[in-house]
Every structure is written in structure tokens, then in C-alpha cells.
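Before any comments, here is the structure.
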Amino acid sequence: MRTILVLFLAMLVFSCKETKVKSVTMKEDVAVLANDSLKGRKTGSEDEKKAAEYIAKRFKDLGLQPKGTDGYFQKFTFKASNNPHQEAEFTSEATDSTQTGENVIGYLDNNAENTVVIGAHYDHMGMGGEGSLYREGEAIHNGADDNASGVAMMLHLADSLQKKDSPKKNNYLFIAFSGEEEGLLGSNYFVKNPTIDTKKVTYMLNMDMVGRLNSENTLAVYGVGTSPIFKQVVNANAGDLNIAENESGVGPSDHTSFYLADIPVLHFFTGQHEDYHKPSDDTEKVNFEGMETVSNYIFSIIKDLDSQPKLAFKKTKNESEVVPDFKVTLGVVPDYLFSGKGMRIDGISEDRPAQKAGLQKGDIVIKMGDYEVTDMMSYMKSLSKFEKGQTVNVTIERNGEPIMVEVTF
Ligand SMILES: [Zn+2]
């Protein structure tokens, strides 16, 4: 009788414990985030907020500490742009035309010296509009691959990194970014308003569109040039994956913000497809087995780097920088959150016209040739006037002083 009672109690305890640690699969997370009920998770919308709350709950269930400014959340306000060539602007004053996005941040503290940041954006395009490639009116853009897949993988890694035999020599900060589709707003805001000491960040991993691993198992890894150790680690752990390496730390996703803060970055991407930025980017098209492979790969990289001291940072030639419809480029990354007069430089590409002319991060371009630069739009307009090989006087503001330099395109 007693034995039976003890057994029964033990079973009860065991089953309670089991419900508590029952893990959610990547498929379940993608299905929730890319469900029609969240209407495409447009930054600043009520639907995006619901997605943020779901992620915060998942962080809590996983036992992560809140590391935002308001529990797990870190809010930021911005002015949306209705100009297709102009990105949204960050603003500190809240007015009727401003919107609020929020990053969701959870922390796994291993009492270590350094921290690894693992991030993925959770916002998407809502019902379409700017950036959508769908031409038949409004429809829910579910963004299962872009980027419910990355968020699900981040949560899966958060789960794996808590397990007993997981690498423990670093702390881990998990960030679900908002505002990526509007111009990397959430990651840019975090880097400028960090909730941990970014000098202690050893490296950052970004997952954006990791749900469509193809039959050749091709995985693109960007940023392999941003730390001397990456190339070796990225290839040594590849297993069955075909790694397409790209050196550059600058690319069209949130790792760029961290690279520009001199933090080594790796970005994982399973590639473009015909459903990109269309309502047909749906859960049933995601390759979940492929996600398991990619997730295991990233875990093995983390494990491999566990015993390393803080990684050295290296600047890269930013070959992936794209400025369409221009004969020339300056070779800079504009600060899309800058709302003052001119175009503030947030990053400089190696061996490009701006660097050769001695321009620096933080410089504000106010005039190019005969053209005044007051904002991103006038910057782009004036840039389109120049030819390759042409030398132009460019006026910048550095520490409040105007300086004129000669730039050769
Ligand atoms: Zn994306």
C-alpha cells in the first residue's frame, strides 16, 4: 500500500515536472508566429505586439531572465516613412505620426565574463505595402520563413543552451528584433541603447530566413571575415551542409548593426525563393528537418567557440553592399535612425571612395558637388548625378565643424 502510494506520488511529481519542461518544437513556434491571426506582424501594430507577448512568454517558460527596459520588452519610437526611397526614422519625441516597436530580450546568465548575442527579427510586412513583391492588393504576409523561422530557431537554441552538457563559458542574450523590415530599427536601437555591456559581447549570431534549406543543403553564412577564427570554425562544423561563405559584416539584416559596433558577427540564411516578401511565405513551405540541421550546426559552432577568450574583431570589405540604380556609390552605411539635417555615416566600407577620401563614422554629409544634402532622399538624389571616375567636393560636418574633402568615385 505504502509502496504504491510512494510510487503514485513519484509519478505525480514526475508528470508535473514533465509538463513544465515540455519543449515547444520549432514547427509549433513558426505555426503560431506565421498564423493569419497575427496578420503579418507589422512593426508598431497590435498584431506585432501579440507576437512580442508570445515570445516573452516563451522566454519566461524557458527560464530566461528579462533583460529589456520593461521586463522582456525594449520599446523604441520611430517615424514611418511613406516615401519608398526613404527609410523610417528614429525619433525621441512621441507625436501622432510616430509608432512604437519593441525588441524582446531574454538572458541566460552563466556567471561568465563574456556574452554571446543570438538574435532574429520577428516583425514582418503586415498586409503588404512598401517592400512587398505582391502586386494584387492587400493580403496577409505571414513571413513563415521571414522570419518566424529565425525566431523559432533562436528559441530552440535557448532551450538547448540550458541543457546540462551545453557550453557554459559564456552568457547568452537572446533578442527578437522589431523594425527590421523598416530598416534594421530594432537592432540599431539596441546597439545604441544596450541593456548589457556591449564591450563584453564576444560575438553575435543572426538568423534571418533559415526555413528553406534546399536539396543541396546550401547554407549561406555571412560575416566570416569579421573575426579571424570564424572561417575555420564555420567550415570545420559544416557536416553535410554546403556552406556558401561571405566575408562581409554588412548585409540586409540585423547583424549589420552589431558589426558596425565592432562586434564579430555571423548571419545564417537558407536563401531566396519565389515566396520572398509575398503572402505565400507560409508555414507549410518551411523545411523543418532542414531547420533542425541548421540549428544543430549553429549549436556546434557555439560549442566550438565556448573555450575561446573574447573573439577579435576584424573589419571586412563590404562586397555585398547594394545601391541600385546608381553609377557610383560612396561606400558608406547611412545611419537610418538619424533625424538631423544631412546624412550621417554609420559605417565605412574598406577601399571605397569614402574611406579613400578620409571620411569617418559619425561624419554628416551636408553637400555633394553642387547639391545640398538634407536627408536620405536628397543624398540619394545627389549621388545619382555623378559618374564613375568623377571627382567631387563633398562637405561634411565633423564635431560640428564643416570640412570639405575631395571624393573620387
Ligand atoms: Zn527578414
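Counting begins at 1 with the first residue of the sequence.
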Yes or no on side chain to side chain contact (heavy atoms under 4.5 Å, CB included) for K163 and D165, after CA distance, side-chain angles and deciding distance? CA-CA 6 Å; K163 302 245 157 81; D165 54 348; 4.2 Å; yes
Check for a donor-acceptor pair, side chain of [X] on one end and backbone N or O of [Y] on the other, with a separation under 3.5 Å.
{"X": "E28", "Y": "T25", "answer": "yes"}
{"X": "T374", "Y": "K341", "answer": "no"}
{"X": "T98", "Y": "T77", "answer": "no"}
{"X": "Q162", "Y": "L108", "answer": "no"}
{"X": "D282", "Y": "K285", "answer": "no"}
{"X": "S227", "Y": "A312", "answer": "yes"}

Got a sec: does the CD of E406 have more than 12 other heavy atoms crowding it under 6.0 Å?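 For E406, atom CD is not crowded (no more than 12 foreign heavy atoms under 6.0 Å).
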So for atom NZ, which belongs to K49, do other residues, nucleotides or ligands contribute more than 12 heavy atoms lying within a distance under 6.0 Å? no
Do [X] and [Y] touch side chain to side chain, with heavy atoms closer than 4.5 Å?
{"X": "I196", "Y": "V201", "value": "yes"}
{"X": "I302", "Y": "Y172", "value": "yes"}
{"X": "E397", "Y": "D363", "value": "no"}
{"X": "F177", "Y": "V104", "value": "no"}
{"X": "F269", "Y": "H267", "value": "yes"}
{"X": "Y122", "Y": "E102", "value": "yes"}
{"X": "V365", "Y": "I345", "value": "yes"}
{"X": "L260", "Y": "V191", "value": "no"}

Salt bridge flag under 4.0 Å for residues [X] and [Y]:
{"X": "E46", "Y": "R41", "value": "no"}
{"X": "E48", "Y": "K42", "value": "no"}
{"X": "R212", "Y": "D275", "value": "yes"}
{"X": "K231", "Y": "E245", "value": "yes"}
{"X": "D61", "Y": "K57", "value": "yes"}

Any idea which heavy atoms bring [X] and [Y] closest together, and the distance?
{"X": "F258", "Y": "S187", "value": "CE1-CB, 4.1 Å"}
{"X": "N171", "Y": "N111", "value": "OD1-N, 3.2 Å"}
{"X": "Y107", "Y": "T115", "value": "OH-OG1, 3.9 Å"}
{"X": "I105", "Y": "L173", "value": "CG2-CD1, 3.7 Å"}
{"X": "R398", "Y": "I403", "value": "CB-CD1, 3.8 Å"}
{"X": "K75", "Y": "Y189", "value": "O-CE2, 3.7 Å"}

Parallel, tilted or perpendicular: which one describes the rings of Y72 and F59, with boundaries at 30° and 60°? tilted
Side-chain donor-acceptor distances from residues 140-148 under 3.5 Å, at least two apart:
from: H141; atom 1: ND1; to: A139; atom 2: O; distance (Å): 2.8
from: H141; atom 1: NE2; to: S132; atom 2: OG; distance (Å): 2.7
from: N142; atom 1: ND2; to: A34; atom 2: O; distance (Å): 2.8
from: N142; atom 1: ND2; to: D36; atom 2: OD1; distance (Å): 2.9
from: D145; atom 1: OD1; to: S149; atom 2: OG; distance (Å): 3.4
from: D145; atom 1: OD1; to: V210; atom 2: N; distance (Å): 3.4
from: D145; atom 1: OD1; to: G211; atom 2: N; distance (Å): 2.8
from: D145; atom 1: OD2; to: H273; atom 2: NE2; distance (Å): 2.7
from: D146; atom 1: OD1; to: H121; atom 2: NE2; distance (Å): 3.0
from: D146; atom 1: OD2; to: H277; atom 2: NE2; distance (Å): 3.1
from: N147; atom 1: OD1; to: G150; atom 2: N; distance (Å): 3.0
from: N147; atom 1: OD1; to: M209; atom 2: N; distance (Å): 2.9
from: N147; atom 1: ND2; to: H121; atom 2: O; distance (Å): 3.0
from: N147; atom 1: ND2; to: M207; atom 2: O; distance (Å): 2.9

Is there a donor in the side chain of [X] and an acceptor in the side chain of [Y], or the other way round, less than 3.5 Å apart?
{"X": "D254", "Y": "S257", "value": "no"}
{"X": "S253", "Y": "D208", "value": "yes"}
{"X": "T408", "Y": "T391", "value": "yes"}
{"X": "N170", "Y": "N110", "value": "no"}
{"X": "N246", "Y": "S248", "value": "no"}

For [X], enumerate each residue passing the side chain to side chain contact (heavy atoms under 4.5 Å, CB included) test, keeping only those at least two apart in sequence or located in another chain.
{"X": "D197", "value": "K199, K200"}
{"X": "E387", "value": "K327, Q390"}
{"X": "V32", "value": "Y54"}
{"X": "K367", "value": "E372, T395"}

Give the intermediate values and the outcome of side chain to side chain donor-acceptor pair (under 3.5 Å) for residues N296 and T293. CA-CA 5 Å; N296 290 341; T293 306; 6.0 Å; no
Excluding sequence neighbours, so at least two apart, what forms ring pair (Phe, Tyr, Trp, His ring centres under 6.0 Å) with F73?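 Counting only residues at least two positions away or on another chain, F73 forms no ring pair (Phe, Tyr, Trp, His ring centres under 6.0 Å).
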Check the pair M153, V294 against side chain to side chain contact (heavy atoms under 4.5 Å, CB included), reporting the backbone distance first and the verdict last. CA-CA 9 Å; M153 199 174 285; V294 174; 3.8 Å; yes
Decide yes or no on side chain to side chain contact (heavy atoms under 4.5 Å, CB included) for F386 and Y371, but give the supporting numbers first. CA-CA 11 Å; F386 307 124; Y371 309 99; 4.0 Å; yes
In Å, rounded to the nearest 0.5 Å, how long is the span from [atom1] of [X] to [atom2] of [Y]?
{"X": "L161", "Y": "S166", "atom1": "CG", "atom2": "OG", "answer": "5.5 Å"}
{"X": "Q65", "Y": "K60", "atom1": "CD", "atom2": "NZ", "answer": "13.5 Å"}
{"X": "T202", "Y": "Q308", "atom1": "OG1", "atom2": "CD", "answer": "8.5 Å"}
{"X": "S295", "Y": "F288", "atom1": "OG", "atom2": "CZ", "answer": "13.0 Å"}
{"X": "R58", "Y": "F174", "atom1": "CZ", "atom2": "CZ", "answer": "11.5 Å"}
{"X": "K67", "Y": "N103", "atom1": "NZ", "atom2": "CG", "answer": "15.0 Å"}

Ring centres of Y203 and F313 under 6.0 Å apart? no
What verdict does the side chain to side chain contact (heavy atoms under 4.5 Å, CB included) test give for D346 and K192, after you've listed the backbone C-alpha separation in whole Å, the side-chain angles of each residue and the deciding distance to 0.1 Å? CA-CA 11 Å; D346 214 1; K192 285 170 180 157; 3.4 Å; yes
